[in-house]
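Before any comments, here is the structure.
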Amino acid sequence: MTETEHGDSRTDLNGLSVEQAVDIVVDDKDDSGTVRETLAIVSQDGVVRRTSVDDALANASKVVTTAETRVELAEKKLDDVREVSASVPDLDLVSARIDDFVERRDVVETRSDELGQTVQEILEMRDHGDLYEIAQRIRQLTNAATEVQRAADDLQFELDSFEAWLTDADRRTEELTTDVDAVAESVGELDDVVDRIKVDDGAAENDAARTWAAATVRHRVVSLMITDLRSELATLRTWAEREGDTPPSNVESRLGEIRNRHEAVGGRLTARAEREWRTQYGDQLTAVDEVLEEMEPPVSWAEVEAAVEEHRPKE
């Protein structure tokens, strides 16, 4: 049994008041409030009791069961969506999204399996394990199960939306138009950022350099967004022709306008750059460029976000 050092002897927390147990457990690294809340999980009437473990674990197990059920529902929804998508297996836009959902399903399924393993590990500690460690693990288990449930619910919600997108040409066009609007807004925001890049003194120059570098990265990400939307538009046109639907209209001309504005903003960014800024951030911007150049439609935006975070310009 792992017990807590106290004076010259080892003290089992069972039967101690919560406050006594807090005094024993807390060290310089611990927050007494957190320790108190954790010990309350295995306490009854202000006293830490081993007999409280069963009830605490039963409550946590209910949360685990709910999470596991939500994962099963998400898995079933994924099967349904894959069946619906079977009619368009050769469209990269569809298969890429299915692959992403499968990957997310696998992750949430693994996390769900780990919950059950943790329950078993706590059960093995129940009779002789350190009560504070047991309480910690029950708390962590409950939090992890809640996170798994949230992830499964999010996955199922997105699968529902994707299924509706698969079966409704108007919805596909509507979502594409919404994405085009969002990119247009991003270009407008970048234009405003360029207006705010000013150099008045040494401190302002440092701020201006950071703002310029961040805006340059964002400009390059938006370029990839525009490329991805053009690819999606081409796919939806092919899809519409195949099914005898009306292809999206006015989107191509709008994307052309957005690209022109985007290029103009890029020119302004280039004109605003001081030589010192290029020297300071050049290598980091090149690294971002190299990563983004490898991305092809349909783009995985999670991968883009991770890559940009890794290589974004730092001082």
Side-chain angles (χ1 to χ4, degrees), residues 78 81-82 84-104 155 158-191 215-267 269 285 287-312:
L78 176 58
V81 169
R82 294 176 81 171
V84 172
S85 69
S87 62
V88 285
D90 61 326
L91 296 179
D92 290 343
L93 179 62
V94 175
S95 59
R97 293 186 68 176
I98 291 291
D99 289 345
D100 178 63
F101 285 129
V102 170
E103 183 176 341
R104 289 174 59 187
L155 178 57
E158 291 182 37
L159 283 165
D160 284 332
S161 296
F162 182 56
E163 184 175 28
W165 181 87
L166 281 171
T167 57
D168 188 338
D170 289 339
R171 178 160 182 162
R172 293 194 288 271
T173 298
E174 181 181 332
E175 290 191 14
L176 176 62
T177 302
T178 298
D179 290 341
V180 170
D181 290 342
V183 171
E185 184 176 347
S186 292
V187 173
E189 290 171 353
L190 273 172
D191 207 17
T216 300
V217 171
R218 187 175 175 186
H219 182 266
R220 294 171 186 181
V221 171
V222 171
S223 178
L224 186 59
M225 289 178 175
I226 294 172
T227 299
D228 195 50
L229 289 173
R230 283 186 177 279
S231 176
E232 181 173 346
L233 173 61
T235 298
L236 295 190
R237 280 177 168 167
T238 299
W239 199 340
E241 290 172 1
R242 202 185 275 182
E243 298 188 347
D245 294 323
T246 303
S249 60
N250 301 323
V251 175
E252 184 169 14
S253 60
R254 183 112 191 278
L255 282 172
E257 294 171 1
I258 292 171
R259 179 172 288 282
N260 290 338
R261 290 174 55 207
H262 176 264
E263 291 175 353
V265 171
L269 273 170
L285 292 175
V288 171
D289 273 344
E290 290 175 350
V291 171
L292 295 184
E293 285 173 1
E294 295 178 357
M295 304 285 183
E296 295 182 356
V299 175
S300 169
W301 293 106
E303 291 182 12
V304 171
E305 184 178 350
V308 168
E309 181 60 32
E310 180 181 357
H311 297 288
R312 82 168 56 254

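Quick caveat: nothing in here was measured; it's all calculated off a predicted structure. What's counted below: heavy atoms across the whole structure, side chains too, no hydrogens, waters or symmetry copies.
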Inset, instruction - Apply side-chain contact (heavy atoms from CB on, under 4.5 Å) to Glu263 and list each qualifying residue two or more places apart in sequence or on a separate chain. - result: Arg259, Asn260
Legend entry - Pairing residues for Phe101 by the ring-ring contact (aromatic ring centres under 6.0 Å, His included) criterion, not counting sequence neighbours: Phe162
Legend entry - Check: Asp181 and Arg254 side chains under 4.5 Å, non-hydrogen atoms: yes
Legend entry - Atom of Glu290, atom of Glu294 and distance for their closest heavy-atom approach: O-CG, 3.4 Å
Inset, instruction - Looking only at non-hydrogen atoms, find the nearest pair between Val308 and Val217 and report the distance. - result: CG1-CG1, 3.7 Å
Legend entry - Point-to-point distance, once rounded to the nearest 0.5 Å, from CZ of Arg312 to CD of Glu305: 8.5 Å
Legend entry - Partners passing side-chain contact (heavy atoms from CB on, under 4.5 Å) against Val299 (at least two apart in sequence or in another chain): Leu224, Asp228, Trp301, Val304
Inset, instruction - Sort and list the pairs that fulfil side-chain hydrogen bond (donor to acceptor under 3.5 Å, both in side chains) and have at least one residue in residues 229-240, not counting sequence neighbours. - result: Arg237-Glu252, Trp239-Glu243
Inset, instruction - Can you sort out the partners of Asp179 under salt bridge (Lys or Arg N to Asp or Glu O under 4.0 Å), two or more places apart, ordered by chain and number? - result: none
Legend entry - Heavy-atom pair with the smallest gap, counting every atom of Ala184 and Arg261: O-NH2, 3.7 Å
Legend entry - Thr227 side chain reached by Pro297 side chain, heavy atoms, under 4.5 Å: yes
Legend entry - Spacing of CG belonging to Asp170 relative to OG1 belonging to Thr246, to within rounding of 0.5 Å: 8.0 Å
Inset, instruction - State which residues pass side chain to side chain donor-acceptor pair (under 3.5 Å) with Asp289; sequence neighbours excluded, sorted by chain then number. - result: Arg220
Legend entry - Listed partners of Glu293 passing salt bridge (Lys or Arg N to Asp or Glu O under 4.0 Å), at least two apart: none
Legend entry - Atom of Leu166, atom of Arg172 and distance for their closest heavy-atom approach: O-NH1, 2.8 Å
Legend entry - Results of salt bridge (Lys or Arg N to Asp or Glu O under 4.0 Å) for Glu257 - residues two or more places apart only: none
Legend entry - Residues in side-chain contact (heavy atoms from CB on, under 4.5 Å) contact with Val251, at least two apart in sequence or another chain: Leu176, Thr177, Val180, Leu233, Pro248, Leu255
Legend entry - Set of residues satisfying side-chain contact (heavy atoms from CB on, under 4.5 Å) with respect to His262, sequence neighbours excluded: Val187, His219, Val222, Ser223, Ile226
Inset, instruction - Among residues two or more places apart or on two chains, list those pairs meeting side-chain hydrogen bond (donor to acceptor under 3.5 Å, both in side chains) that have a residue in residues 91-101. - result: none
Inset, instruction - Could you tell me which residues satisfy side chain to side chain donor-acceptor pair (under 3.5 Å) with Asp90, sequence neighbours excluded, listed by chain and number? - result: Arg242
Inset, instruction - State the CD1-CG distance between Ile98 and Leu159, to the nearest 0.5 angstrom. - result: 7.5 Å
Inset, instruction - Check whether more than 12 heavy atoms from other residues, nucleotides or ligands sit under 6.0 Å from atom CD of Glu296, and answer yes or no. - result: no
